[in-house]
Structures are given as structure tokens and as C-alpha cells.
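Just the heavy atoms: all of them, side chains too, but no hydrogens, waters or symmetry mates, feed the values below. Bear in mind that the values here come from a model prediction, so they are computed numbers and not experimental data. In this chain, residues are counted from 1 in sequence order.
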Amino acid sequence: MPVGRLVGSSLDASLGRIGSLEVRLARTVGEVKRAQELRYRVFYEEMSAIADARTLMTRRDADAWDAICDHILVIDHANPEVKPFGKTRPRIVGTYRVLRQSVAERHDGFYTAGEYDLQPLIDSKPGLEFLELGRSCVLPAYRGKRTVELLWQGIWAYVLRHRIDVMIGCASLEGTDPRRLALPLSFLHHNCPAPEGWRVRALPHRFTDMNRLSREAVDARAAIQALPPLIKGYLRLGAYIGDGAVVDHQFGTTDVCIVMPVANISERYIAFYGADAGRRAS
């Protein structure tokens with residue numbers, strides 16, 4: 001995996017800190033592998049993802065995109081991991097994977113393009129830089145406000161540094177039976193669709209209709225409670241939802257596409273993190 005240390009780069013610096021928790025980019029191949037191990041623990045051991053032989057052997061969630069992505073990490077300096085011979089290292093407790101359009105276009109494109117037809121949207125927005133978000137996960141003991149706040153601090157700092165205009169990616173609801181997810185899927189379909197100029201659609205062979213209940217039959221309060229925290233967070237920031245869901249049998253999820261123009265992000269959140277991402281800067 002051709003990922004080296006980011007020597008001399010400003011991206012080598014911390015992106016923020018709250019107490020013993022720090023957010024920054026992975027700096028070495030070893031840190032990327034540890035992020036993959038964290039993803040394995042969450043996706044395969046805690047959730048219902050189905051591992052192939054290589055994943056079982058390595059106990060890491062890895063794919064071809066890891067080598068070209070940047071990996072945002074939340075690290076706990078107060079609870080280190082003990083290595084052989086008594087050495088310690090800070091513990092990685094949360095991660096997010098990000099891929100810039102300018103990098104994706106030099107390689108094999110975006111991961112999300114395997115589920116959604118992104119190209120018409122990208123082609124319609126010449127001059128804008130897209131950023132793909134994915135593989136978000138946090139250890140159970142750290143699923144609180146501080147860790148989530150730091151992950152978003154890291155993303156916001158990254159967006160500003162790279163002059164990102166649009167964030168995209170897949171977000172997941174647990175389960176592979178859309179009938180059981182009819183309430184949240186229908187709520188998203190009726191209340192959060194991307195307008196025509198920002199719409200993406202699931203690939204024809206993977207398209208699953210989200211319009212499963214009429215608008216009148218949707219209990220909005222119950223639907224919102226049924227949404228995963230990550231999707232609710234995206235919506236609060238000003239994200240749109242693409243057309244059609246995609247069932248991902250490997251990960252045991254039903255995915256929706258998030259489209260979030262940076263210009264749409266609520267002023268309240270920009271004020272919270274700082275227009276220069278400096279609120280939690282260390």
C-alpha cells in the first residue's frame with residue numbers, strides 16, 4: 001500500500017484537540033492499518049459485515065481505495081495501547097476516510113461510484129472540488145460528543161485546507177431488507193431529496209425505491225428516531241439525499257447517498273467550529 005509519511009506537510013500537524021483526544025491525519029502505513037483494524041472491529045465484529053478469507057486472516061477492513069485516501073484519526077493519548085516489550089502508542093478510537101476528486105480522478109474514481117451515478121453531477125459542476133466521505137466508525141466506549149465533535153473538526157479543517165466545495169458519500173442504515181426500513185427511507189425520500197441540480201441516482205442494477213410509504217403515512221418523529229446518528233448529523237448540516245437506496249449485502253446495510261454543498265452548511269455549525277476551523281486547534 002503506497003502510503004508514506006507526510007514529511008514536511010502542514011497536514012502532518014494536529015487538526016484539533018479536546019483534553020486527551022486529538023484529531024489528525026494518519027501519518028504512516030502503520031496508522032492506516034490500525035484504522036483498518038478499528039473498522040474491522042466495528043463493521044465485522046460488532047455489526048454484521050461478511051468477511052472474506054483475506055479480511056478474516058488480516059482482521060482488517062481494507063480495500064483498494066485506502067492507498068489513495070487520507071485517513072482522519074481521533075487518538076486518545078491518555079489510554080495508550082501496549083505493544084510488545086512494554087512499549088506504548090496512542091490509541092486510535094475513531095476514523096473517517098476522505099478522498100479528494102483531484103486524487104480520485106488520477107486513479108480509479110470514487111468508491112461511491114460503485115453504487116451511484118456521480119458523473120452527471122460532477123460534470124454539471126465544473127470548477128468545483130468534490131470530497132468523498134466514508135468508512136466512518138468510532139469504538140463503542142468513545143461514542144460521545146467529544147469524539148464526534150473532533151471528527152467533524154478534522155473534516156472541516158480538511159475542507160478548508162483543500163478548498164472543498166461539495167462533500168459526497170454513502171451513509172448506511174443497518175439491515176438489508178428495505179421493507180423493514182420503509183419508514184426512515186420514505187421520510188428521507190419525501191423530506192430530504194436533492195434538488196434537480198444536485199441529484200444523483202443509484203445505478204440501475206442496484207436501485208432500490210425509497211418511496212415505500214406515502215407522505216401522509218410517514219410519522220416524522222418516529223422516522224427521525226429510526227435514522228442513524230450519522231445521517232441525522234448530515235441532515236442538520238444541510239445535506240441532501242440522492243435518489244434511490246442501495247442494499248449492501250457485504251456490510252449488512254442499506255445505503256443512501258449524501259450530497260452536501262459546503263455553501264449549504266448551517267452558519268450555526270460554521271460558527272461552532274470556527275470559520276478558520278480554529279475552535280479546537282491545538
Side-chain angles (χ1 to χ4, degrees), residues 39 42-43 47 65 69-72 94-101 104 109-122 124-125 128-138 148-149 151-156 158-159 162 164-175 178 181 183-203 206-211 223-224 226-248 251 253-266 269-270 273:
R39 285 159 29 187
V42 173
F43 298 146
M47 300 174 70
W65 279 269
C69 289
D70 282 324
H71 300 262
I72 295 174
T95 185
Y96 234 118
R97 190 172 78 174
V98 294
L99 177 59
R100 303 192 305 278
Q101 176 187 351
F110 288 121
Y111 174 90
T112 305
E115 297 188 4
Y116 288 86
D117 186 7
L118 301 177
Q119 204 58 49
L121 173 61
I122 293 172
S124 73
K125 309 293 182 184
L128 298 189
E129 177 75 2
F130 285 71
L131 177 72
E132 181 180 64
L133 308 178
R135 289 300 204 273
S136 169
C137 60
V138 176
V148 173
E149 183 177 322
L151 281 172
W152 277 106
Q153 168 77 27
I155 291 170
W156 181 235
Y158 192 93
V159 163
H162 289 284
I164 300 299
D165 300 293
V166 187
M167 289 180 271
I168 57 172
C170 292
S172 302
L173 295 90
E174 193 166 358
L181 298 169
L183 180 60
L185 289 177
S186 298
F187 173 83
L188 294 174
H189 171 81
H190 291 302
N191 294 281
C192 314
E196 189 65 36
W198 291 99
R199 192 165 301 163
V200 298
R201 184 176 172 87
L203 296 173
R206 305 201 69 178
F207 183 94
T208 296
D209 193 0
M210 297 171 64
N211 185 16
I224 291 171
L227 289 174
L230 183 62
I231 293 180
K232 287 190 281 192
Y234 285 139
L235 296 179
R236 283 193 294 266
L237 285 169
Y240 303 131
I241 301 295
D243 185 13
V246 172
V247 176
D248 187 335
F251 282 89
T253 60
T254 298
D255 298 342
V256 296
C257 190
I258 301 295
V259 180
M260 185 160 50
V262 172
N264 280 20
I265 295 177
S266 166
Y269 287 96
I270 293 176
Y273 288 104

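- Looking at every heavy atom in both residues, Asn211 comes nearest to Ser186 through C-OG, 4.2 Å.
- Partners of Tyr234 according to the ring pair (Phe, Tyr, Trp, His ring centres under 6.0 Å) rule, which considers only residues two or more places apart in sequence or in another chain, are Trp152.
- With sequence neighbours left out, the side chain to side chain contact (heavy atoms under 4.5 Å, CB included) criterion links Thr208 to Pro178, Arg212, Ala245, Val247.
- The distance from atom CG of Leu173 to atom CG of Leu181, rounded to the nearest 0.5 Å, is 5.5 Å.
- One distance of note links NZ of Lys232 with CD1 of Ile224; it measures 8.0 Å at 0.5 Å rounding.
- The salt bridge (Lys or Arg N to Asp or Glu O under 4.0 Å) check on Arg199 picks up Glu196, with sequence neighbours excluded.
- Remark: the backbone N or O of Thr112 is paired with a side-chain donor or acceptor of Glu132 at under 3.5 angstrom.
- In terms of heavy-atom proximity, Val166 sits nearest to Val262 at N-CG2, 4.0 Å.
- Across all non-hydrogen atoms, the minimal contact from Val246 to Ala202 is CG2-CB, 3.8 Å.
- Checked against ring pair (Phe, Tyr, Trp, His ring centres under 6.0 Å), Phe251 has the following partners two or more places apart in sequence or in another chain: Phe43, Tyr44.
- Between Trp156 and Tyr273, the distance from one ring center to the other does not fall under 6.0 angstrom.
- Looking at residues two or more places apart in sequence or on another chain, you find a salt bridge (Lys or Arg N to Asp or Glu O under 4.0 Å) between Asp243 and Arg201.
- Here Lys125 pairs with Leu121, Leu128, Phe130, Trp198 under the side chain to side chain contact (heavy atoms under 4.5 Å, CB included) rule; sequence neighbours left out.
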